[in-house]
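The block underneath contains the structure these notes are about, expressed in C-alpha cells.
Values below: every heavy atom of this structure, side chains too, minus hydrogens, waters and symmetry copies.
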Amino acid sequence: MADNSAPAVSPSTPVLPDRRARSWLAGSTIVAAGLVLGGFLLGDGLVRAKHADRSVTVRGLAEREVVANLATWTISYSATATDLASAQAAVDRDTASIEAFFDDLGFAAEALQPTGVNVNHYTDSEGVGRYTVRQRLSLRTDDVERAQAAARRQVELVRRGVVLEDGSDMAYTFTGLDAIKPEMVADATRDARAAAEQFAKDSGADVGAIRRATQGYFSIEARDGEAGGWGVSDTPYKKVRVVTTIDFSLD
C-alpha cells in the first residue's frame, strides 16, 4: 500500500527572515542612531550658544586733576571823544599803560599782542557826533603762575585810567591731554571690569573677555565748578574726565 503522508521537516533546517524585513530593520537602526546623535549635538549647541550670549555691559570712569599749562587774557578797552583823533589818542595812552603793567610783572614784550580794533561813530541825544575807538590786546603765556599774579593785580590797570570792558577775562587751558589719554583709558577699563566682576559675583558667573568697547569723549572742566558771572574768574586747576562703555562676556 502506498504511503500518502507529507514528508516530515527536519528540525535542523533553519527558518530565514525575509530579505526586505532585514533591510528595513537595518535602515531603522541607522535612522534612530542618527536622531539620537543629532539631538545630542543640537542640545549641546544650544547650551553653548546660550553661554556664548551671556554678557554684561558696564561703564568705567576715570578722573584726574591737572594744572593748566597755558594762560590767555583778552583785555578790551575803549575811549570816546567828539573827534576820531582824540579818541584814538586816549586809546593809545591806555595801550601804553597796559604794556607798562605787564612789563613791570616781567612778561616779555611779545607775550602781549593786539587782536582787534573797532571804530564806531554815532550822534548823541544833543546832536553831537562822537567817535568810540575800541581795542583789544591778548596775553598768551605758559607762565601760569605769573598770569595768576597779573589777574590778581588787574585793579592797577583801573588806577592807571584804563576802563576794562566786559569780556576782559583770564582763561586757563590744559593742552597735555594726549600724554595722559592712554593711562586714563586703562583706568576707566579697570573701573569697568571691577563693576562687571561685582555683577558676575552676584549672579554666580565669571567675567570673560571684552566683546565690545566704546570710549567716550574726554572733558576738561574747572576742578571746583565752572566760572561764570561778574567777579568769578577762571581757575588753572582742572579736572579731566572720561567714561568708557564695555561689554564683557560672562562664563
Side-chain angles (χ1 to χ4, degrees), residues 65-179 217-241:
E65 292 185 5
V66 297
V67 178
N69 58 341
L70 176 65
T72 54
W73 189 4
T74 300
I75 303 173
S76 299
Y77 53 103
S78 63
T80 300
T82 56
D83 61 279
L84 181 59
S86 298
Q88 184 61 59
V91 166
D92 291 342
R93 287 192 297 271
D94 288 345
T95 301
S97 296
I98 295 170
E99 291 173 344
F101 169 76
F102 285 106
D103 182 65
D104 292 344
L105 290 172
F107 286 98
E110 59 269 18
L112 194 65
Q113 297 292 330
T115 57
V117 62
N118 175 267
V119 178
N120 181 39
H121 177 261
Y122 65 96
T123 302
D124 62 19
S125 58
E126 297 179 353
V128 178
R130 295 186 179 277
Y131 291 87
T132 297
V133 178
R134 180 172 289 104
Q135 188 160 311
R136 289 180 179 175
L137 293 178
S138 180
L139 173 75
R140 181 182 176 88
T141 178
D142 57 5
D143 192 340
V144 174
E145 291 185 2
R146 195 182 299 272
Q148 285 181 279
R152 288 192 295 265
R153 296 174 56 180
Q154 61 182 299
V155 68
E156 294 181 16
L157 288 173
V158 179
R159 294 193 182 104
R160 298 185 186 204
V162 180
V163 179
L164 299 177
E165 296 187 336
D166 289 341
S168 299
D169 300 320
M170 182 79 76
Y172 299 97
T173 307
F174 176 70
T175 64
L177 183 59
D178 288 342
Y217 71 93
F218 281 81
S219 63
I220 303 177
E221 302 173 351
R223 183 190 64 184
D224 303 315
E226 291 297 324
W230 185 88
V232 181
S233 61
D234 193 13
T235 170
Y237 306 105
K238 306 293 183 180
K239 179 182 291 185
V240 183
R241 188 174 187 268

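Ion pairing of K238 with D234 is present here, as a side-chain N (NZ or NE/NH1/NH2) and a carboxylate O approach within less than 4.0 Å. In summary, R134 and D166 do not engage in a salt bridge, as defined by a charged side-chain N under 4.0 Å from a carboxylate O.
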Discussion item. Would L137 and Y77 count as a side chain to side chain contact (heavy atoms under 4.5 Å, CB included) here? Give the steps.
Written reply: CA-CA 9 Å; L137 293 178; Y77 53 103; 3.6 Å; yes
Item to complete: Could you walk me through whether T72 and M170 pass the side chain to side chain contact (heavy atoms under 4.5 Å, CB included) test, one step at a time?
Response: CA-CA 6 Å; T72 54; M170 182 79 76; over 6 Å; no
Worksheet item: T95 and R93: side chain to side chain contact (heavy atoms under 4.5 Å, CB included), yes or no, with the steps?
Response: CA-CA 5 Å; T95 301; R93 287 192 297 271; over 6 Å; no
Discussion item. Does R223 form a side chain to side chain contact (heavy atoms under 4.5 Å, CB included) with T235? I'd like the steps, not just the answer.
Written reply: CA-CA 8 Å; R223 183 190 64 184; T235 170; 5.8 Å; no
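Between I75 and the choices D169, I98, T115, the side-chain contact (heavy atoms from CB on, under 4.5 Å) rule is met once, by I98. Evaluated for a side-chain hydrogen bond (donor to acceptor under 3.5 Å, both in side chains) with R130, the options D124, T82, T80 yield exactly one hit, D124. Of the candidates R152, R153, R159, E156 forms a salt bridge (Lys or Arg N to Asp or Glu O under 4.0 Å) with just one, namely R153.
A87 and A79 get closest at one heavy-atom pair: O-CB, 3.7 Å. A pairwise comparison of heavy atoms in A100 and R160 identifies CB-NH1, 3.5 Å as the closest pair. Nearest heavy atoms, D143 versus T141: N-OG1, 2.9 Å. Closest approach of D94 and G161 over heavy atoms only: OD1-O, 3.7 Å. Looking at every heavy atom in both residues, S97 comes nearest to V162 through CB-CG2, 4.0 Å. What you find for A150 and F107 is that their closest heavy atoms are CB-CE1, 4.1 Å.
Looking only at distances, a side-chain donor or acceptor of N69 sits under 3.5 Å from a matching main-chain atom of T175. E99 places no side-chain N or O within 3.5 Å of a backbone atom of A96 that could act as its donor or acceptor partner.
No close placement of the Y172 and W73 rings is indicated, their centers lying 6.0 Å or farther apart.
Of the N and O atoms on the side chains of Q135 and S78, not one donor lies less than 3.5 Å from an acceptor on the other residue. Defined by atom type and a distance below 3.5 Å, a donor-acceptor pair is present between the side-chain atoms of D83 and S86. With 3.5 Å as the limit, one finds no donor-acceptor pair spanning the side chains of R136 and T74. For T132 and N120, the side-chain atoms include no donor-acceptor pair closer than 3.5 Å.
The closest side-chain heavy-atom distance from T123 to V128 is not below 4.5 Å. Looking at L177 and V240, their side chains come closer than 4.5 Å, going by heavy atoms from C-beta outward.
Between the CD atom of E221 and the NZ atom of K239 there is a distance of 8.5 Å, given to the nearest 0.5 Å.
By the 30° and 60° cut-offs, the orientation of the rings of Y131 relative to H121 is tilted.
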